[in-house]
Q: 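Below you'll find the structure I mean.
The residues of the chain are indexed from 1 along the displayed sequence. These values consider heavy atoms only, across backbone and side chains, with no hydrogens, waters or symmetry-generated copies. Numbering of ligands and ligand atoms starts at 1, following listing order. Keep in mind that what you see is a predicted model, and the values were worked out from it rather than measured.
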Amino acid sequence: MQPFMEWSDNLNIGIDTIDLQHRKIVDYINELYRATQENDRELVGKVLQGLIEYTSSHFGFEEEMLESNGYADLEEHKKLHQNFIERIKKHLDNHEKGANVARALTGELQIWLIAHISKEDQLYVPSLVTPPTGSVLTKMINKFFG
Ligand SMILES: [Fe+2]
Ligand SMILES: [Fe+2]
């Protein structure tokens, strides 16, 4: 089956760890699409649950990185993350009540993710202490020993 959404290199923000995490979210969206196409309601629920957990940990990672860099718009960025998680949770809730949410949701997720990465995530890149040429690990090493 063709994936619903393919990673495009212009979605890379240039920080390896973050780019990998964003790709993984795309994998979840594709998995959700597959579950929907196969009419596998149980799988839809599992994937949504996994998506919530994975995305929350990505958001936590990103927020910690922004906090340690003193990012000025951190609170606003956090709010966007929170709203997103709440929305997926609501969809999962509706799914559990028997609604057919996944088909519309895959499109919504795709639009949200692309917009968030290319606008809000892209925005914080210049404010990171070390230029985004390497991984976060490299950044951290540079920060402490550079
Ligand atoms: Fe973000
Ligand atoms: Fe992100």
Side-chain angles (χ1 to χ4, degrees), residues 1-37 40 43-96 99-146:
M1 188 186 291
Q2 279 283 98
F4 172 73
M5 181 181 177
E6 292 213 51
W7 183 259
S8 133
D9 281 343
N10 59 27
L11 286 173
N12 284 327
I13 64 168
I15 303 166
D16 298 347
T17 321
I18 301 279
D19 289 332
L20 281 172
Q21 292 174 2
H22 288 159
R23 275 171 182 262
K24 180 92 179 145
I25 299 175
V26 168
D27 290 343
Y28 271 105
I29 297 176
N30 285 326
E31 190 64 16
L32 181 66
Y33 176 73
R34 200 171 60 83
T36 313
Q37 292 299 99
D40 189 337
L43 188 59
V44 166
K46 270 191 196 148
V47 177
L48 277 176
Q49 193 62 55
L51 178 71
I52 291 170
E53 279 161 29
Y54 187 80
T55 311
S56 301
S57 77
H58 162 65
F59 288 165
F61 184 88
E62 214 174 73
E63 288 163 12
E64 244 173 67
M65 177 186 76
L66 296 181
E67 193 164 4
S68 66
N69 278 276
Y71 185 55
D73 294 322
L74 177 62
E75 284 315 308
E76 205 180 308
H77 201 106
K78 271 189 180 172
K79 192 95 204 138
L80 293 167
H81 286 167
Q82 254 169 32
N83 289 345
F84 183 63
I85 294 293
E86 273 161 30
R87 256 165 60 189
I88 315 176
K89 278 188 177 158
K90 201 169 279 174
H91 282 294
L92 175 61
D93 208 42
N94 290 335
H95 166 79
E96 280 166 354
N100 249 328
V101 295
R103 205 173 287 269
L105 183 56
T106 41
E108 185 187 324
L109 289 169
Q110 181 192 34
I111 291 167
W112 188 93
L113 187 68
I114 291 176
H116 185 79
I117 293 175
S118 48
K119 286 186 208 152
E120 282 86 12
D121 282 355
Q122 202 63 259
L123 263 181
Y124 66 60
V125 176
S127 71
L128 299 177
V129 176
T130 319
T133 46
S135 66
V136 168
L137 190 63
T138 315
K139 274 177 191 313
M140 278 158 58
I141 292 168
N142 287 343
K143 214 175 142 188
F144 288 111
F145 302 108

Q: Please state whether the separation between the Fe ion (ligand 1) and some N/O/S atom of Glu120 is under 2.8 Å?
A: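 No - counting backbone and side chain alike, Glu120 has no N, O or S atom under 2.8 Å.
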
Q: Please find the pair of heavy atoms, one from Val47 and one from Leu32, that lie closest to each other, and give the distance.
A: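 Heavy-atom minimum between the residues: CG1-N, 3.7 Å.
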
Q: Is it the case that the side chain of Thr55 and the backbone of Ile52 share a donor-acceptor pair, with hydrogens and angles ignored and the cut-off at 3.5 Å?
A: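 It does not hold such a pair.
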
Q: Roughly, to 10 degrees, what angle do His116 atom NE2 and His81 atom NE2 form around the Fe ion (ligand 1)?
A: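 Rounded to 10°, it measures 90°.
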
Q: Find, among atoms of Asp121 that are N, O or S, the one nearest to the Fe ion (ligand 2), and state its name.
A: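 Nearest N/O/S atom of Asp121: OD2.
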
Q: Write the atom name of the N, O or S atom in Glu62 that is nearest the Fe ion (ligand 1).
A: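 Among the N, O or S atoms of Glu62, the one closest to the Fe ion (ligand 1) is OE1.
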
Q: For the Fe ion (ligand 1), which N, O or S atom of His77 is at the shortest distance?
A: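 Minimum-distance N/O/S atom of His77 relative to the Fe ion (ligand 1) is NE2.
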
Q: Shortest non-hydrogen contact from Ile13 to Asp19?
A: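 Nearest pair, atom of Ile13 first, then Asp19: N-OD1, 2.7 Å.
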
Q: Given the side-chain rings of Tyr124 and His77, with only the six-membered ring counted for Trp, is the space between their centroids under 6.0 Å?
A: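 They qualify: ring centres under 6.0 Å apart.
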
Q: In sequence, state the C-alpha distance, the side-chain angles, and the governing distance for Glu86 and Lys89, and then conclude on salt bridge (charged side-chain N to carboxylate O under 4.0 Å, His left out).
A: CA-CA 5 Å; Glu86 273 161 30; Lys89 278 188 177 158; over 6 Å; no

Q: Within the stated cut-off of 2.8 Å, is an N/O/S atom of His58 closer than that to the Fe ion (ligand 1)?
A: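 Of the N, O and S atoms in His58, none lies under 2.8 Å from the Fe ion (ligand 1), which means no.
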
Q: Parallel, tilted or perpendicular: which fits the ring planes of His81 and His58, with parallel below 30° and perpendicular above 60°?
A: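 Aromatic pair His81/His58 classed tilted.
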
Q: For the Fe ion (ligand 2), find the closest N/O/S atom on His22 and give its atom name.
A: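 Nearest to the Fe ion (ligand 2) within His22's N, O and S set: NE2.
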
